[in-house]
Amino acid sequence: MKDKIFGVLQRVGRSFMLPIAILPVAGLFLGIGGSLTNETMLEAYGLMGLLGPGTFANAILQVLNSAGSVVFNNLPIIFAMGVAIGMAKQEKEVAALASAIAFFIMHATIGAMIGAFGAPDLAGATADVLGMTSLQMGVFGGILVGLGTAALHNRFYKIQLPQVLSFFSGTRFVPIISSAVYLLVGIAMYYIWPTIQIGINALGGFVLASGYAGTWLYGFIERALIPFGLHHVFYIPFWQTAVGGTAVVGGQLVEGAQNIFFAELATPGITHFSVSATRFMTGKFPLMIFGLPGAAFAMYRCAKPENRKAVGGLLLSAALTSMLTGITEPLEFTFLFVAPAMYMVHCVLAGASYMIMHILNVGVGLTFSGGLIDLTLFGIMQGNEKTSWLWIPVVGVVYFVVYYFVFSFMIRKFNYMTPGRDDNAEAKLYTRKDLEARKKAGEVTEAEAADELSAQITQGLGGKDNISDVDCCIPRLRCTVKDPAKVDQQLLKSTGASGVICKGQGVQVVYGPRVSVIKSDLEAYLKSSASDHPAPVAKPAQEAKPVETKPADAPKAGGGRLTVVSPLAGKIIPVEEVADGVFSEKMVGDGFAVEPEADEVLAPADGEITLVFDTKHAFTMRTAQGVDLLVHMGIDTIRLNGEPFTLSIKQGDVVKAGQPIGTMDRAAILAAGYRTVTPVVVGNLADLGGFKLTRTGEVKAGDAVMEVF
């Protein structure tokens, strides 16, 4: 349970990164627009004639200011959509649409409740949300919608509804269920949120009252959570909600440290940015611009002389990355690996940096990192009077010296194997991926096994860049490749495929009914970063042998004799006479096929439906005797997207032989240029005794045509 919660929190933290990634460009607009329209600064530098009110340049800068402000003013819906996209497993665009709809409905419902029953008796309880009067939920409201919609999406995006409602199955159902759920959530929030808001305000008051000690603790925890990827979960409430404080800016109540700073940045007449807000941000600057480069210099100086040239470039690159952009993981993860105690000292110093900036009344905000870019935009360009930014390089120089001497002492005293000190280790910097690999050393999870299979399939198809489309039907993985010459059929067969068919740029890999899972795993793998740098896959020594069908007189291995009836009226032919390589070569099993003369479809045996394909053209079932049957209506009819088919069955239904279960529109199939011949095959004959056809030629639907032993 602990691991599961930890994994969910990691995913939540990563999902925050999409909306957070929008902030730098919005901050850039605000930083440039706010600083270059500040009349105090313009007068100080003699720029009023060039950039002052009434000039064309001033109008453009005001546009930049507005463009940046609109992002920060609408962060709740941005977080709703971003979190939903980040948490959705697949079909992420549907999750984004559903989250936007759910957000509108939740706040419209709250607005209607306020209109009917009045606003809560709480200062600042209501706010304007996209033109609707609603409760002041801020980014918490967006996160609530994003997480909830993603959960609904992951639960229902493959749902199969009854035939009469089948149009609304799958992804179409997600916005529908999200709308219904968040109408109820909106009603509930009208009663619940005021109490939550009181608690949040109390927590924010406690944090603000904690003074310098609270600021140190915030900085310490924020750094300590970096290795676990949970720091986003920790700091977002401080930056975006009332936990980080509230302030009235330009006559509007603003919640959250970062929102307060950017509201002040966009408001003329602010004499000094609120330090009670920037205390949760400013401490990053001495740490990232000066402290960690000092640590990098210490690791360089402690490397063996003969290795310094090799590690110098790596450490310099990482130090510059930290200084310019505030991205610190390459350095932090490097000494976290070899010296966890040194990382704890780093966390203590990080907390102290936040506290010192608070003590010195420094008011520089940031978008998401504390590098030179943010310092320039939100500190230097805003002027020292408004930010007190000159304290940052003063404290920063001290931090560089402290980090250099403390890290040098610890590395030499405890003989830590930082880069360049171990002759047997590769000189490299580490990343979060390395940390995760170490955590999982010796473990292969189900997800990792799926990734390994997907990696093999990808290489067999000629690599990620050679794949232009992935689809499937029962039983084939259907892919379109750019260069057929790069396809390795032997490698594809070694992945468990019973056959591979190449026709021009089309490749069909036959896996049987499990192909839908393989397709989903492959799509997820191709979207992941793992597919960009795949590990080499060993090629099989020889081509995999096809599974041989046991003869009819083989010893019985099933649970008894099974009679299979024809699901359609028409002509029965052996499956090898079907003009299709997959079925005629018995890649997915042996059996018979029907050349239908009627549209009604019956169940071919007693048993449980194990899979109904989304496009309704095929289904599988398992009988009490352990026989797996596949009924495939038409050849290549997956491309018709289910239009000629109606099925009243769903996965888990129990049916009787001869029971009507749907129809196939033969005329529509033929008009579209496809064949109606319908194979019925046993997919697991290798585990059974065998089979025999008891009848061929013309039959009625429901006539017995095959026995399986």
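Because the structure is predicted, anything quoted here is derived from the model rather than measured. Each residue takes its place number in the sequence, starting with 1. Atom set for the values below is all heavy atoms of this structure, side chains included, hydrogens, waters and symmetry mates excluded.
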query: CE of Met381 to OG1 of Thr387: how many Å apart, nearest 0.5 Å?
result: 12.0 Å
Heavy-atom check, side chain of [X] versus side chain of [Y], under 4.5 Å:
X	Y	answer
Leu144	Met189	yes
Thr126	Ser134	no
Thr215	Met357	no
Val254	Thr246	no
Gln258	Met281	yes
Val398	Phe290	no
Phe261	Ser274	no
His153	Ser99	no

task: Could you check Met132 against Met106 for side-chain contact (heavy atoms from CB on, under 4.5 Å), going step by step and ending with a plain yes or no?
output: CA-CA 11 Å; Met132 300 175 284; Met106 181 183 77; over 6 Å; no
- request: May I have the step-by-step check of salt bridge (charged side-chain N to carboxylate O under 4.0 Å, His left out) for Lys386 and Glu264, ending in yes or no?
  value: CA-CA 10 Å; Lys386 294 176 71 173; Glu264 291 180 341; over 6 Å; no
- request: Check the angle between the aromatic planes of Phe297 and Tyr300 and answer parallel, tilted or perpendicular using the 30° and 60° thresholds.
  value: parallel
query: Considering residues, nucleotides and ligands other than Phe414, do more than 12 of their heavy atoms fall under 6.0 Å from its CZ?
result: yes
statement: Per side chain to side chain contact (heavy atoms under 4.5 Å, CB included), His107 is matched among Leu135, Val129, Thr133 by Val129
Would you say the side-chain atoms of [X] pair up with the backbone N or O of [Y], donor to acceptor, closer than 3.5 Å?
X	Y	result
Gln240	Phe140	no
Arg279	Asn361	no
Asp374	Gly370	no
Trp239	Phe280	yes
Tyr190	Ala112	no
Ser353	Gly283	yes

Would the [X] and [Y] ring centres measure less than 6.0 Å apart?
X	Y	answer
His346	Phe335	yes
Trp216	Phe220	yes
Phe378	Phe273	no
Tyr354	Tyr218	yes

message: Run the side-chain hydrogen bond (donor to acceptor under 3.5 Å, both in side chains) test on His358 and Thr278 for me, step by step, so that the C-alpha distance in whole Å, both residues' side-chain angles and the decisive distance to 0.1 Å come before the verdict.
response: CA-CA 8 Å; His358 187 188; Thr278 59; over 6 Å; no
